[in-house]
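Okay, so here's the structure we're looking at.
Heavy atoms only: backbone and side chains are in, while hydrogens, waters and symmetry mates are out. In this text the structure is predicted, and so the values were computed from the model without any measurement. Residue numbers start from 1 in every chain, and the chains themselves are labelled A, B, ... in the order their sequence lines are given, proteins ahead of strands.
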Amino acid sequence: MSGTGVTVKKNVNFSEWYVEVVLKAELADYAPVKGCMVIRPDAYAVWEKIQEVVNQKIKSTGHRNAYFPMFIPEAFLKQEAAHFAGFTPEVAWITQGGDTPLEEKLAVRPTSETIMYDMFSKWIRSWRDLPLKINQWCNIVRWETKATKLFLRTREFLWQEGHTAHATAEDAEVEVIWALNMYKEVIENILAIPVLIGTKSESEKFAGALYTTALESIMPDGKALQMGTSHNLGQHFAKVFNVKYIGEDKKDHYVWQTSWGITTRLIGAMIMVHGDDKGLIMPPKVAPIQVVIIPIPFKGLEAEAIAAKTKEVAEILRAKSINTLLDDRSEYTPGWKFNQWELKGVPIRVELGPRDLKNGQVVMVRRDTGQKIPVKEANVVATVENLLQEIQDTMLAKAKALLDDKTTLVTNYDEFKHVIESKGGFIKAAWCGNPECEARIKVDTGATIRIRPFEKDTTKNICVYCNNEAKGGIVYFARSY
RNA sequence: GGGGCCGUCGUCUAGCAUGGAUUAGGAUACAUGCUUGGGGUGCAUGCGAUCCUGGGUUCAAAUCCCAGCGGCCUCACCA
């Protein structure tokens with residue numbers, strides 16, 4: 001790594017490119033604690049935007065934010081056997097407070113099901129208390145042993161976890177799908193990343209869930225990234241935490257529960273999917289700076305006129321709630337600033353120099369395409385508004401093309417192995433439903449079933465591995481992060 | 001947890017093979033001044049290094065050996 005710009009090409013060395021973009025665009029930095037990162041303001045602003053949009057969606061549907069302790073008694077985690085088995089390898093434990101060893105060690109939450117549902121059992125009495133729909137924004141600790149990857153794998157990360165309790169299985173099911181679709185909309189519309197949705201296989205489902213639904217995207221290196229999950233917990237947790245209500249029928253019933261979450265990993269996906277050799281490209285809807293104005297000054301009278309005009313343009317845009325930065329730093333040349341803001345991924349650059357002043361115009365440059373567009377002064381606001389939307393749309397379309405390009409239908413195992421080795425990506429293949437075939441494929445190729453689509457596609461119905469009948473039809477395999 | 005690579009001013013690096021004179025050199029960044037300004041301006045001056053840490057070998061260690069820490073790549077596990 002050298003200089004201030006990105007020195008590695010995205011398609012030459014993808015993982016190095018990723019590290020450079022994250023560090024040089026000042027999105028994150030390595031913390032002095034192993035496996036931990038600092039989320040810097042530009043990336044945190046993206047997270048805040050995600051929070052804003054998700055909060056709007058969950059609050060308008062009756063969910064409420066709350067906060068639960070980050071310390072979870074060991075006994076709680078142990079209550080649901082599968083849940084405990086799933087998480088215990090990566091739980092951080094607190095065994096001492098001050099100088100005193102704890103009588104019962106405390107887990108630093110790897111997820112909050114247990115501590116939340118213990119409280120739910122206290123709060124839920126009758127069918128009138130249902131549904132209970134709680135959400136929490138918090139940090140999570142999972143004690144990874146190795147391989148820190150900024151935003152994608154760190155010991156501590158930020159997320160949102162929704163937890164709901166319902167009177168009926170049907171209501172829970174509706175909630176699971178609601179959350180899944182809510183995520184799909186946020187990720188596609190705001191982050192401009194297309195996703196596949198479906199259910200996880202048994203081996204990939206959340207520890208303690210009845211079933212897990214998930215959103216998966218493909219990264220430019222051909223590896224899949226899980227973008228979010230929504231679990232139907234059935235009554236497993238209700239039974240061990242005794243979450244019961246008295247129904248209209250005057251009888252006791254266990255509640256039906258769901259949990260769902262997205263994490264700061266989404267920011268990593270945004271960087272990987274959209275960035276290019278110059279650095280980051282921010283989708284306009286999450287960009288902390290949507291427009292940067294760069295004056296092209298010259299000595300003499302024009303310098304003042306240009307300064308005044310750029311200020312005027314900045315104010316006009318800000319009045320329309322467009323996040324605008326006027327970069328009038330005198331210590332840097334325009335060319336330097338161009339590179340700097342391209343590295344940071346600002347969607348639109350507005351240049352204003354003597355020529356423009358004379359012509360009553362500005363020059364707009366799209367970050368995603370590099371296209372330069374002269375715009376008459378009177379049309380600046382309308383053009384920026386249109387361009388922001390157009391850039392957002394173009395980015396989604398480009399990411400969609402990536403997804404299509406990285407999705408391959410195969411009919412036999414040789415083809416499967418060939419595709420995994422050559423181009424990677426999602427492999428659509430029929431699967432018989434036997435976990436053994438799934439496990440063998442994983443051992444052979446490293447690929448796992450990422451998604452079983454909701455809409456059954458049975459145009460291929462012979463299992464790609466064992467050649468038996470594949471009633472479930474086609475599923476999506478991939479190597480993943 | 002396994003395998004591979006790496007660690008020198010804020011950053012990127014030279015030096016390391018074959019231990020000693022380079023005062024640990026350069027570039028960049030940073031500070032000041034002038035200059036310049038439509039794609040990382042140019043000049044000058046200045047500031048800046050426990051050579052990752054701890055042991056060991058040696059008359060002598062940035063350099064050789066061991067251990068640890070941290071990062072990257074990769075496998076396993078996970079969001």
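If you take CD of A:E331 and P of B:U28, they are 18 Å apart, rounded to a whole angstrom. Here the P atom of nucleotide B:U11 and the CG atom of A:D29 are 10 Å apart, to the nearest Å. In this structure, A:K34 atom NZ and B:G1 atom P are separated by 9 Å, rounded to whole Å. Atom NZ of A:K223 and atom P of B:C73 are 9 Å apart (whole Å). Atom CG of A:D277 is separated from atom C1' of B:G39 by 16 Å (rounded to the nearest Å). Rounded to an integer number of Å, the gap from CZ of A:R349 to P of B:G39 is 9 Å. Whole-Å rounding puts the A:F151 CZ to B:C72 P distance at 13 Å. Atom CG of A:L343 is separated from atom C1' of B:U11 by 14 Å (rounded to the nearest Å).
Across all strands shown, the partner of B:C64 is B:G56, judged by Watson-Crick or G-U wobble contacts whose two distances both fall under 3.5 Å. When both pairing distances are held under 3.5 Å, B:U41 makes no Watson-Crick or G-U pair with any nucleotide shown. Across all strands shown, the partner of B:C72 is B:G4, judged by Watson-Crick or G-U wobble contacts whose two distances both fall under 3.5 Å. Under the Watson-Crick and G-U wobble criteria, each requiring two contacts below 3.5 Å, nucleotide B:C47 is left unpaired.
When distances run from any side-chain atom of A:P354 to the nucleotides B:G37, B:G38, B:G71, the shortest one goes to B:G38. Distance from the side chain of A:E342 is smallest to B:G39 among B:G39, B:C77, B:C72. Ranking B:C77, B:G40, B:G37 by closeness to the A:F298 side chain, first place goes to B:G37. The side chain of A:K278 approaches B:G39 more closely than any other nucleotide in the set B:G39, B:G40, B:G70. The side chain of A:T148 has B:G71 as its nearest neighbour among B:G71, B:C78, B:G37. Which of B:C78, B:G38, B:G39 sits closest to the side chain of A:V365 comes down to B:G39. Candidate nucleotides B:G39, B:C77, B:U36 were compared by shortest atom distance to the side chain of A:F338, and B:G39 ranks first.
Distance check on atom P: B:U58 versus B:U45 gives 47 Å, rounded to whole Å. Taking atom C1' on both B:A62 and B:U50, the two are 12 Å apart, rounded to the nearest angstrom. Atom name P, nucleotides B:A21 and B:A61: the rounded distance is 11 Å, in whole Å. Nucleotides B:G3 and B:C47 place their C1' atoms 44 Å apart, quoted to the nearest Å. Rounded to whole Å, the separation between the C1' atoms of B:G46 and B:C64 comes to 38 Å. B:U35 sits 25 Å from B:G26 when the C1' atoms are compared, rounded to a whole Å. On the P atoms, B:U13 is 15 Å away from B:C73, given to the nearest whole Å. Spacing between B:G20 and B:G25 at atom P, rounded to whole Å, works out to 16 Å.
When the side-chain nitrogen and oxygen atoms of A:K149 are compared with OP1 and OP2 of B:G71, none of them lie within a distance under 4.0 Å. Within the structure, a side-chain polar atom (N or O) of A:K442 is placed less than 4.0 Å from OP1 or OP2 of B:C77. OP1 or OP2 of B:C30 lies within a sub-4.0 Å distance of a side-chain N or O belonging to A:Y332.
In this structure, A:I262 reaches neither bases nor backbone, as no heavy-atom distance under 4.0 Å exists between it and the strands shown. At the heavy-atom level, A:T154 lies under 4.0 Å from base atoms of the strands shown. Heavy atoms of A:G35 sit under 4.0 angstrom from primed sugar atoms or phosphate atoms, though from no base atom. Backbone-only contact: A:S15 has heavy atoms under 4.0 Å from sugar-phosphate atoms and none from a base. Nucleic acid contact class of A:E90 (heavy atoms, under 4.0 Å, all strands): sugar-phosphate only. At a threshold of 4.0 angstrom between heavy atoms, the contacts of A:S330 include nucleobase atoms, whether or not backbone atoms are also involved. A:K337 comes within 4.0 angstrom of no nucleic acid atom, judged by non-hydrogen atoms across all strands. Among the heavy atoms of the strands lying under 4.0 Å from A:Y30 are primed sugar atoms or P, OP1, OP2 only; no base atom is included.
Side-chain atoms of A:S422 come within 3.5 Å of backbone atoms of A:H418 as a donor-acceptor pair (strictly under, hydrogens ignored). Checking side-chain atoms of A:D276 against main-chain N and O of A:G279 turns up a donor-acceptor pair under 3.5 Å. Judged purely by atom type and a 3.5 angstrom limit, A:R142 uses its side chain to pair as donor or acceptor with the backbone of A:P110. Remark: side-chain polar atoms of A:K200 are not paired, donor with acceptor, to backbone N or O of A:T212 under 3.5 angstrom.
Residue A:I281 forms a side chain to side chain contact (heavy atoms under 4.5 Å, CB included) with just one option from A:R366, A:M395, A:M270, and that option is A:M395.
There is a side-chain donor-acceptor pair under 3.5 Å between A:K423 and A:T408.
Contact check on A:E90 versus A:R155 returns no salt bridge, with no Lys/Arg side-chain nitrogen under 4.0 Å from an Asp/Glu carboxylate oxygen.
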* To do: Apply salt bridge (charged side-chain N to carboxylate O under 4.0 Å, His left out) to the pair A:E438 and A:R440, showing each step before the final yes or no.
  => CA-CA 6 Å; A:E438 182 188 16; A:R440 295 223 173 92; over 6 Å; no
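A residue-by-residue look at A:T333 and A:F87 shows that A:T333 has its nearest nucleotide of RNA chain B further toward the 5' end. For A:C36 and A:E144, each mapped to the nucleotide of RNA chain B holding its nearest heavy atom, the one lying further toward the 5' end belongs to A:C36.
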